[in-house]
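What follows is a short report on a single structure.
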Amino acid sequence: MAITPQQIISKKQAGEKIVSLTAYDYSTAKLIDQTEAVDFILVGDSLGMVVLGYPDTVHVTMADMLHHVKAVARGVSRSLVVADMPFLSVHVDLKTAVENCGRMLQEGSAQAVKIEGASEWTLQLISRLTEMGIPVMGHLGYTPQSINTLGIKVQAKTMEAAETLIQDAQALEAAGAFAVVLEMVPTEVSALVSRMLTIPTIGIGAGPNCDGQILVLDDFLGRYPDFTPKFARRYMQFSEDLKAAIQQYAIDIIAGDFPHIQNESFHFPADQLENLQAYETSEKVKCKL
Ligand code: KIV
């Protein structure tokens, strides 16, 4: 039985930190799940940059997301799987928005969705979704789908902006969201929001006082070659290790060391080996040459 949104909320009430990572494929999601250390796995629309090579998340479509949500969900049995709603999938008419969110659960086998922002429209949608049984995670602070209006920068750095963020977070809670991601927000502001909400805050570039933390898997692994944000701690040296492994692979092939003649190869039945050798020198083969 997967971890439920209610259990995520209970962790905050118990004073336990919430642990999460993004994932985009079956094998990685399965390994993450097997650790039993991760409460929820977000199939983030960061997919666009780190897997698909788009310049931003604005280019990510419903089809892109569904493809990867399905793959992740197939590998996970314990963690809660949250599907990010991509650009243009929810800020449209209510019917389309509800259908798109529903598809993430019905076709994608996610158990919750994440939606950026807290406009009046978004809050209405979240109320409707939670009423229908679709759990929603909010996302405030730097919201990457607004890159063309916000740019990439730390949010809530003035008193006025901090107050707006706090009110937005409270409105998300009132609308029924079960958690809120705070991205690139000053530590003092995220600490205050975390104290003021009953639902957990999940920080990414929002300091240590959030109720939980999330990292983009490729930042965690050190796999994304284009950019590493200040807040992203690398837990592995994946790029360096991968390049070194590929160099070694090439050396092994060129030296005739790979594959190993016994351990990594298949063999013709020993009792028929003579026939195979005789075939090479037979008249039948000679005629064809
Ligand atoms: O898309 C994503 O990976 C996200 C995280 C940064 C929270 O939204």
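We count residues from 1, following the sequence as given. Just follow the structure's listing: the first ligand is 1, and inside any ligand the first atom is 1.
If you look at L47 next to ligand 1, there are no close heavy atoms at all, none under 4.0 Å.
Atoms of ligand 1 found under 4.0 Å from any heavy atom of I204 (numbered from 1 in listed order, with element): 6 (C). In the vicinity of D45, heavy-atom distances shorter than 4.0 Å reach the ligand 1 atoms 1 (O). Under a 4.0 Å criterion applied to the non-hydrogen atoms of E183, ligand 1 contributes the atoms 6 (C). Those atoms of ligand 1 that come under 4.0 Å of a heavy atom in K114, given as number and element, are 8 (O).
Looking at ligand 1, you'll find an N or O of D84 within less than 3.5 Å of one of its N or O atoms.
Here K95 pairs with E99 in a salt bridge; the nearest charged N to carboxylate O distance falls below 4.0 Å.
Between F220 and Y235, the ring-plane angle classifies as parallel under the 30° and 60° cut-offs.
Selection from S46, P229, S20 by nearest heavy atom to atom 3 (O) of ligand 1 gives S46.
In this model, a donor atom of one side chain and an acceptor atom of the other lie less than 3.5 Å apart for E173 and T198. No side-chain N or O of H67 forms a donor-acceptor pair with one of D64 less than 3.5 Å apart. Looking at D33 and S79, their side chains do bring a donor and an acceptor atom within 3.5 Å of each other.
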